[in-house]
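Please read these numbers as outputs of a predicted model, since none were measured by experiment.
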Amino acid sequence: MQVLFFYLVALVTVISGVIVVAAKSPVNSALALVNTFFCLAVFYVMLSAPFMAAIQIMVYAGAIMVLILFVIMLLNMGVEPFKKFTHVTWGVVAGSLVLMLTLFFISRGQPTKVVGAITRDVILKEGHTELIGKSLFVNFLLPFEITSILLLVAIIGAVILAKKEV
């Protein structure tokens, strides 16, 4: 039953991902991306990582997508029809190449064992949240701050693009 549910969620995820790329309206594309994020949260729950699922929904499906929709509405982007057939052709060629490479690497891959100091016992002892917090704010503080600055610059850039006459 769990395998069937996994395949069902995976199918919905892939269909949502295709809609993200193929949708003509940027708002429809963003909404399909939200659905993809929810499906990824379901995968986290299936992997016994409920904290990551909650973060996935709050950060990506909530905050980031609201920001993206806000930027789309600020820029007043309308529906843009396919202007050239070559874009679709190149998209199909690139997608086929990525699919072939993915299948190639999956067929050659082997499952690995747990590598590193964080084992299942450590996770059960300290908990997911504390381990992620320690890793984020001790080991990866600089990338975390750089990401926040990049998001701030993106917001400022979107406002400047939207308000050309100010």
Side-chain angles (χ1 to χ4, degrees), residues 1-23 26-75 77 95 98-99 101-163:
M1 187 67 183
Q2 190 175 7
V3 173
L4 182 65
F5 183 70
F6 170 79
Y7 282 122
L8 179 67
V9 174
L11 179 67
V12 171
T13 306
V14 170
I15 290 172
S16 296
V18 169
I19 291 172
V20 168
V21 176
V27 175
N28 290 340
S29 180
L31 292 175
L33 190 58
V34 168
N35 192 31
T36 305
F37 289 150
F38 276 110
C39 291
L40 291 177
V42 170
F43 287 135
Y44 284 128
V45 170
M46 292 175 70
L47 289 171
S48 301
F51 179 72
M52 289 301 296
I55 293 297
Q56 175 77 27
I57 290 173
M58 285 189 296
V59 173
Y60 289 103
I64 300 295
M65 286 311 301
V66 167
L67 178 68
I68 289 173
L69 284 174
F70 185 67
V71 169
I72 288 171
M73 290 176 187
L74 268 178
L75 294 177
M77 296 171 62
V98 168
L99 179 65
L101 285 173
T102 303
L103 292 175
F104 173 74
F105 285 116
I106 287 175
S107 68
R108 294 191 56 169
Q110 295 178 357
T112 60
K113 296 179 180 177
V114 175
V115 178
I118 299 175
T119 61
R120 184 175 186 84
D121 295 332
V122 173
I123 292 172
L124 291 175
K125 181 180 175 186
E126 295 189 31
H128 287 102
T129 308
E130 188 172 342
L131 287 172
I132 291 172
K134 279 183 184 175
S135 179
L136 186 63
F137 293 113
V138 173
N139 299 331
F140 297 103
L141 182 61
L142 182 62
F144 180 77
E145 292 298 330
I146 290 172
T147 303
S148 65
I149 291 171
L150 282 174
L151 287 174
L152 179 65
V153 169
I155 292 170
I156 292 171
V159 170
I160 289 172
L161 287 175
K163 304 288 181 186

Spacing of CD1 belonging to I15 relative to CG belonging to L11, to within rounding of 0.5 Å: 4.0 Å
Donor-acceptor pair, side chain of S107 and main chain of F104, under 3.5 angstrom: yes
Atom pair CG (L150) and CD1 (I146), whose distance is rounded to the nearest 0.5 Å: 7.5 Å
CG on L131 to CG on L136, rounded to 0.5 Å: 12.5 Å
Of all pairs that satisfy salt bridge (charged side-chain N to carboxylate O under 4.0 Å, His left out), the ones with a partner from residues 132-149, not counting sequence neighbours: E126-K134, E130-K134
F51, CZ: over 12 other non-hydrogen atoms inside 6.0 angstrom: yes
Side chain to side chain donor-acceptor pair (under 3.5 Å) contacts in which one or both residues fall within residues 31-57, not counting sequence neighbours: S16-N35
Note, I64 side chain near F37 side chain (heavy atom, < 4.5 Å): no
Nearest non-hydrogen partners of I19 and A32, listed with the distance: CG2-CB, 3.5 Å
Pairwise distance CD1(I118) to CD1(I123) - rounded to 0.5 angstrom: 6.5 Å
Test log, rule side-chain contact (heavy atoms from CB on, under 4.5 Å), inputs K125 and D121: CA-CA 6 Å; K125 181 180 175 186; D121 295 332; over 6 Å; no
Mutual orientation of the aromatic rings belonging to F144 and F137 [parallel < 30°, tilted 30-60°, perpendicular > 60°]: perpendicular
Rounded distance [0.5 Å steps], CE in M65 versus CG in L31: 7.0 Å
Minimum heavy-atom distance S29-A23, with the two atoms named: N-CB, 3.9 Å
Shortest non-hydrogen separation from A53 to A41 and the atoms involved: CB-O, 3.4 Å
Residue pairs passing the side chain to side chain donor-acceptor pair (under 3.5 Å) test where at least one lies in residues 1-14, sequence neighbours excluded: none
Test item: M52 and I132 side chains (from C-beta on) under 4.5 Å apart, heavy atoms: yes
Gap separating the CG atom of L40 from the CD1 atom of I57, nearest 0.5 angstrom: 10.0 Å
